[in-house]
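Here is the structure we will look at.
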Amino acid sequence: MESDDRGSVDEILAEANESLDALRLDEALQEYEAAVALAPEHYDAHLGLARTYMRMREREQALAAAERARALNESRHDAYLIQGVVHFLADELDEAERALQIARERAPDEPEPLLTLAQVYCDRQDFEQADAALAKARDQIEAMPDKQSRDELTALAWHVETYRHLAAGNEDQAREAAQRVLALEEANPYAACLAYSNLGILETRAKNLDRAVEYLERACETNPHFYRAASALGRILLVDNQPARAADVLESVLAHDDADTADTRYAYAMALLRMGRRQEARQQFGVALDRRLSGPGRFMAHWQRIWLNDTLRFGLIVAVLLAVILYVYLGEPSAQAISLLVMVVMLFLLQRLVGRRR
């Protein structure tokens, strides 16, 4: 019976690995969970589960699954690698470097830990170490005998090079490197998804919003769990005056706990406001503030919370009108000042009328 179970687990893992490589992540998750249920002490089942959660951007679950794998076999490097990648994705650079260095100690000839370390160094603006790590990883990739594995990791290396150029502000080189990733999309759909996202960022910076939307939509189609790309897509749709589409995209992002940030809530509130859903927008501005929204958005969210409240808005308008009347009555303003006040009032009224018609 044990050999039958082993055969079943291996078959399930083969299907799960295929689903994971193709970014059919929901299928992969079910298949790896089935393998874990059948063989709770199978290292590769827990490892596959960790990889799946990592690509779904489920931080806590990915770390927990990687830890279970590590506890089963501390001599292997894979679990440490996944822990390092997950920490890197969460901007926990010190934790990422520690885990990745352990992965390197366990498997000095494996290029993946070096590739993620190169990205860690890029985030620290240490491009000398980043370039050295990337160059060494490329040498190890070139020495791999299996073409499929070599192509898969070559695509990932080009993604890291894209990341390096983005961090250094070299946009032309970043665009070229991202296109190299797309040339290997069949070998590594995950790296291609990241390349589509990076190209979307580059097109946004170049103010080519239509192209940016196309690239980010491809990223989201390739991996529906890539919520960072979806969040960027929603914001660009908002800038491109497509609030309804922006709201739909951002709402899907907010359904994911790890992506439910103050900035995303604020963007969602702005989309609702532009759609005329004022009270829903007011509520979302409040949620964004509760999540410690910072920067200029914090001031705007407070203002919208006041302005979208009928009572507070009426009180504010009355107070301003009283101030204007007192100024005109007591201040004895010049004709030019009165003309300016009239123009401001007219502009305000026109804006309100146009807004209502829309």
Side-chain angles (χ1 to χ4, degrees), residues 23-30 52-65 85-92 190 193-194 196-201 203-204 209 212-309:
L23 289 183
R24 299 191 301 270
L25 299 181
D26 293 323
E27 292 178 33
L29 183 61
Q30 293 179 356
T52 305
Y53 279 129
M54 179 185 74
R55 294 187 177 182
M56 295 175 82
R57 296 301 201 265
E58 297 284 357
R59 178 184 179 279
E60 297 303 327
Q61 292 93 322
L63 289 174
V85 173
V86 172
H87 285 305
F88 162 71
L89 292 173
D91 295 324
E92 298 163 350
Y190 176 68
C193 174
L194 299 174
Y196 283 125
S197 177
N198 286 329
L199 286 166
I201 292 170
E203 294 298 341
T204 302
L209 298 188
V213 168
E214 288 177 15
Y215 279 128
L216 290 168
E217 284 180 336
R218 284 296 302 273
C220 295
E221 289 167 6
T222 306
N223 182 2
H225 295 275
F226 192 9
Y227 298 105
R228 183 173 295 183
S231 180
L233 174 60
R235 294 163 199 268
I236 292 169
L237 289 169
L238 188 59
V239 172
D240 201 31
N241 199 28
Q242 300 184 57
R245 287 185 66 195
D248 287 342
V249 171
L250 293 168
E251 187 174 13
S252 70
V253 173
L254 292 171
H256 185 266
D257 289 341
D258 287 346
D260 189 356
T261 65
D263 289 337
T264 304
R265 284 279 173 182
Y266 176 77
Y268 181 52
M270 290 299 297
L272 293 173
L273 180 61
R274 293 188 187 181
M275 292 170 65
R277 294 160 60 178
R278 296 164 60 87
Q279 292 312 308
E280 292 174 75
R282 185 174 186 274
Q283 180 186 13
Q284 293 302 321
F285 282 124
V287 175
L289 289 169
D290 290 342
R291 296 182 185 279
R292 299 183 180 180
L293 181 68
S294 60
R298 184 172 182 82
F299 170 79
M300 287 300 299
H302 277 299
W303 167 251
Q304 292 294 349
R305 288 277 293 168
I306 294 170
W307 189 250
L308 294 174
N309 181 295

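All values below were derived from every heavy atom in this structure, side-chain atoms included, with hydrogens, water molecules and symmetry-related copies excluded.
- In terms of the side-chain contact (heavy atoms from CB on, under 4.5 Å) criterion, residue partners of Arg218 (sequence neighbours excluded) are, by chain and number, Glu185, Tyr196, Glu221.
- Side chains of Met56 and Gln61 form no contact here, defined as non-hydrogen atoms less than 4.5 Å apart.
- Contact record, Ser231 with Val253: N-CG2, 3.7 Å, taken as the closest heavy-atom pair.
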Let's go through Leu293 and Arg265 carefully: what are the C-alpha distance in whole Å and the side-chain angles of both, what is the deciding distance for side chain to side chain contact (heavy atoms under 4.5 Å, CB included) to 0.1 Å, and is it a yes or a no? CA-CA 9 Å; Leu293 181 68; Arg265 284 279 173 182; over 6 Å; no
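- For the side chain to side chain donor-acceptor pair (under 3.5 Å) test, residues two or more places apart in sequence or in another chain that qualify with Glu217 are Arg245.
- For Ala271 against Ala246, the heavy-atom pair with the smallest separation is CB-CB, 4.3 Å.
- Atom CG in Leu209 sits 11.0 Å away from atom CG in Asn241 (nearest 0.5 Å).
- Taking a 6.0 Å sphere around CZ of Arg298, one finds it holds more than 12 heavy atoms contributed by other residues, nucleotides or ligands.
- Every residue two or more places apart in sequence or in another chain was checked for a ring pair (Phe, Tyr, Trp, His ring centres under 6.0 Å) with Tyr268, and none qualifies.
- Side-chain atoms of Met270 and Phe285, non-hydrogen and from C-beta on, do get closer than 4.5 Å to each other.
- Counting only heavy atoms from C-beta outward, the side chains of Tyr53 and Val86 never approach each other to under 4.5 Å.
- Without hydrogens or angle criteria, Asn223 side chain to Tyr190 main chain gives no donor-acceptor distance under 3.5 Å.
- The nearest pair of heavy atoms linking Ala212 to Gly200 is CB-O, 3.5 Å.
- Rounding to the nearest 0.5 angstrom, the gap separating the CD atom in Gln279 from the CD atom in Gln284 is 12.5 Å.
- Distance CG/Leu233 to CZ/Arg228: 15.0 Å, rounded to 0.5 Å.
- Closest of all the heavy-atom pairs between Ala281 and Ala269 is CB-O, 3.5 Å.
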If you apply the rule side chain to side chain donor-acceptor pair (under 3.5 Å), what do you find for Glu58 with His225, and how did you get there? CA-CA 9 Å; Glu58 297 284 357; His225 295 275; 5.7 Å; no
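- Considering every non-hydrogen atom in both Leu238 and Arg274, the closest pair reads O-NH1, 2.9 Å.
- Under the rule for a salt bridge (charged side-chain N to carboxylate O under 4.0 Å, His left out), the partners of Arg59 that lie at least two apart in sequence or sit in another chain are Glu92.
- With contacts defined as side-chain heavy-atom distances shorter than 4.5 Å, the pair Leu272/Gln283 does not qualify.
- Side-chain contact between Thr261 and Tyr266 is absent, with no heavy-atom pair separated by less than 4.5 Å.
- A 4.5 Å side-chain heavy-atom check between Ser197 and Tyr215 finds every atom pair outside the cut-off.
- Remark: Glu60 pairs with no residue by the salt bridge (charged side-chain N to carboxylate O under 4.0 Å, His left out) rule, at least two apart or across chains.
- In this structure, OG1 on Thr204 lies 3.0 Å from CD1 on Ile236, to the nearest 0.5 angstrom.
- Going from atom CZ of Arg235 over to atom CG of Leu250 covers 7.0 Å, rounded to the nearest 0.5 Å.
- Taken from CG in Leu273 to CH2 in Trp307, the straight-line distance is 12.0 Å, to the nearest 0.5 Å.
- Remark: Leu89 engages Met54, Arg57, Val85 in a side-chain contact (heavy atoms from CB on, under 4.5 Å) (not counting sequence neighbours).
- Screening Thr264, Asp263, Asp260 for a side chain to side chain contact (heavy atoms under 4.5 Å, CB included) involving Arg291 leaves a single residue, Asp260.
- Closest heavy-atom contact between Leu216 and Ala229: CD2-O, 4.0 Å.
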